[in-house]
Amino acid sequence: NSNIKCKTLSIVPFVFLLCVTDNGAISVQSALYGGGGRHICSEGRSPQQIANTECSEVNIVKIVKNRCDGKRVCEFNPADVRSFDPCEGIATYLETNYTCIPAIQLVTCEHSYAHLHCEYGQVIFVYGADYGRRDHTTCSYRRPASQIENVYCTNPTRIVAETCNGKNSCTIQARNSVFGDPCVGTFKYLEVAYTCEYV
């Protein structure tokens with residue numbers, strides 16, 4: 001799958017990556033933020049705006065992988081994943097190439113325990129994990145509206161991988177003392193995508 005989003009003069013469109021199967025997880029293969037081609041996002045641009053095709057954000061692959069790997073759906077504003085504009089005054093775009101890999105998806109509400117497990121002879125490999133809130137419905141039962149209104153609260157984390165990778169089973173609690181608090185006052189949940197691999 002490939003996704004290209006052009007930057008307009010005042011608005012940067014949201015990037016939306018999706019695995020259409022329920023058990024698919026995003027695995028970002030490559031990403032480019034910059035002005036890498038004269039024909040991409042060049043419509044209606046002046047020659048000066050498409051002159052520099054060599055500018056790009058160096059760490060964008062790592063940033064997009066950190067934000068999206070292991071999720072079934074990943075949506076973000078490209079302005080949120082770059083540290084600076086590497087192509088000031090140049091028409092820029094974000095291109096992402098990703099695949100959807102089979103994975104076990106696990107959602108655990110805050111204060112509850114996530115139980116990851118594999119069959120005998122297999123070990124856990126975590127593709128990605130995120131602690132926060134991305135929608136109004138997940139883990140919302142009997143929660144006041146004020147605790148579920150912030151849906152722009154994501155905190156990709158390596159803690160689950162560091163704790164569980166290579167083990168046959170693993171239990172980790174979804175709580176602020178383990179993952180930090182990315183959005184104070186919001187009731188959060190832990191999302192994990194993992195697979196079981198033969199030893």
Side-chain angles (χ1 to χ4, degrees), residues 1 3 14-28 31 62-81 96 98-198:
N1 297 319
N3 186 305
F14 274 82
V15 172
F16 188 79
L17 309 180
L18 169 69
C19 290
V20 293
T21 60
D22 287 339
N23 65 341
I26 295 167
S27 176
V28 175
K62 181 179 177 183
I63 294 167
V64 176
K65 284 180 79 59
N66 188 41
R67 183 166 288 230
C68 296
D69 273 3
K71 294 182 179 177
R72 195 176 79 75
V73 177
C74 183
E75 182 179 12
F76 61 90
N77 184 327
D80 295 338
V81 298
T96 53
Y98 66 99
T99 58
C100 295
I101 51 180
I104 299 164
Q105 305 281 339
L106 185 65
V107 176
T108 306
C109 300
E110 187 174 356
H111 308 299
S112 297
Y113 288 89
H115 302 285
L116 289 71
H117 58 88
C118 295
E119 298 293 324
Y120 179 78
Q122 296 180 329
V123 294
I124 296 164
F125 177 78
V126 176
Y127 285 126
D130 191 278
Y131 181 68
R133 174 166 288 282
R134 295 186 299 120
D135 64 51
H136 296 287
T137 56
T138 305
C139 295
S140 61
Y141 181 69
R142 292 192 171 182
R143 291 284 156 197
S146 63
Q147 289 186 355
I148 60 172
E149 65 187 357
N150 181 2
V151 295
Y152 300 105
C153 167
T154 62
N155 183 29
T157 179
R158 295 287 311 152
I159 293 171
V160 180
E162 291 166 0
T163 304
C164 299
N165 278 358
K167 296 179 180 177
N168 176 258
S169 65
C170 180
T171 300
I172 190 165
Q173 191 171 18
R175 64 181 306 125
N176 296 335
S177 62
V178 176
F179 298 103
D181 193 346
C183 43
V184 177
T186 297
F187 190 72
K188 294 163 281 295
Y189 50 89
L190 175 65
E191 294 177 281
V192 180
Y194 73 99
T195 189
C196 294
E197 298 180 344
Y198 286 97

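Note that the numbering runs from 1 along the sequence shown for the chain. Hydrogens, waters and symmetry mates play no part in the numbers below; they use all other heavy atoms, side chains included.
Looking at Lys65, Arg67, Lys71 one by one, the single match for salt bridge (charged side-chain N to carboxylate O under 4.0 Å, His left out) with Asp69 turns out to be Lys65.
The side-chain contact (heavy atoms from CB on, under 4.5 Å) check on Cys19 picks up Ile26, Arg72, Cys100, with sequence neighbours excluded. Qualifying ring-ring contact (aromatic ring centres under 6.0 Å, His included) partners for Tyr194, counting only residues two or more places apart in sequence or in other chains: none. The ring-ring contact (aromatic ring centres under 6.0 Å, His included) search around Tyr189 returns none, not counting sequence neighbours. Applying the salt bridge (charged side-chain N to carboxylate O under 4.0 Å, His left out) test to Arg134 and every residue at least two apart in sequence or in another chain returns Glu191.
The minimum heavy-atom distance between Val160 and Ala129, with the atom names listed, is CG2-CB, 3.8 Å. For the pair Gly70 and Ala193, the tightest heavy-atom approach, listed with the atom from each and the gap, is O-CB, 2.7 Å. Scanning all heavy atoms of the two residues, the minimum distance from Cys68 to Leu17 falls at SG-CD1, 3.9 Å. Scanning all heavy atoms of the two residues, the minimum distance from Arg133 to Thr137 falls at NH1-N, 4.4 Å. The heavy-atom pair separating Asp130 from Pro156 by the smallest distance is OD2-N, 3.2 Å.
For residues 145-165, the set of pairs meeting the side chain to side chain donor-acceptor pair (under 3.5 Å) definition, not counting sequence neighbours, comprises Arg143-Gln147.
At a threshold of 4.5 Å between non-hydrogen side-chain atoms, the residues Ile172 and Leu190 count as touching. Inter-residue side-chain proximity for Ile104 and Thr195 is flagged as unmet; no heavy-atom pair is nearer than 4.5 Å. Using a 4.5 Å heavy-atom cutoff, the side chains of Phe187 and Cys109 are in contact. Side-chain contact between Tyr198 and Val123 is absent, with no heavy-atom pair separated by less than 4.5 Å.
Formation of a donor-acceptor pair under 3.5 Å by the Gln105 side chain with backbone atoms of Gly24 is found in this model. A donor-acceptor pair is defined here as one N or O able to donate and one able to accept, closer than 3.5 Å; no such pair exists between the side chain of Asn168 and the backbone of His117. Between the side chain of Tyr98 and the backbone N or O of Leu18 there is at least one donor-acceptor pair closer than 3.5 Å. Without hydrogens or angle criteria, His111 side chain to Ala174 main chain gives no donor-acceptor distance under 3.5 Å.
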Do Tyr127 and Val192 pass the side-chain contact (heavy atoms from CB on, under 4.5 Å) test, and can you show the C-alpha distance, the side-chain angles, and the key distance before you say yes or no?
-> CA-CA 8 Å; Tyr127 285 126; Val192 180; over 6 Å; no
Stepwise, does the side-chain contact (heavy atoms from CB on, under 4.5 Å) test hold for Leu106 with Leu116?
-> CA-CA 8 Å; Leu106 185 65; Leu116 289 71; 3.7 Å; yes
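Between the CD atom in Glu197 and the CZ atom in Phe125 there is a gap of 6.0 Å [rounded to 0.5 Å]. Between the SG atom of Cys153 and the CD1 atom of Ile148 there is a distance of 13.0 Å, given to the nearest 0.5 Å.
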Under 3.5 Å, which donor-acceptor pairs link side chains of residues 176-183 to any protein atom two or more places apart or in another chain?
residue : atom : partner : partner atom : Å
Asn176  : OD1  : Tyr131  : OH           : 2.8
Asn176  : ND2  : Glu110  : OE2          : 3.4
Asn176  : ND2  : Asp181  : OD2          : 3.3
Ser177  : OG   : Arg175  : NE           : 3.1
Asp181  : OD1  : Cys183  : N            : 3.2
Asp181  : OD1  : Val184  : N            : 3.4
Asp181  : OD1  : Lys188  : NZ           : 3.1

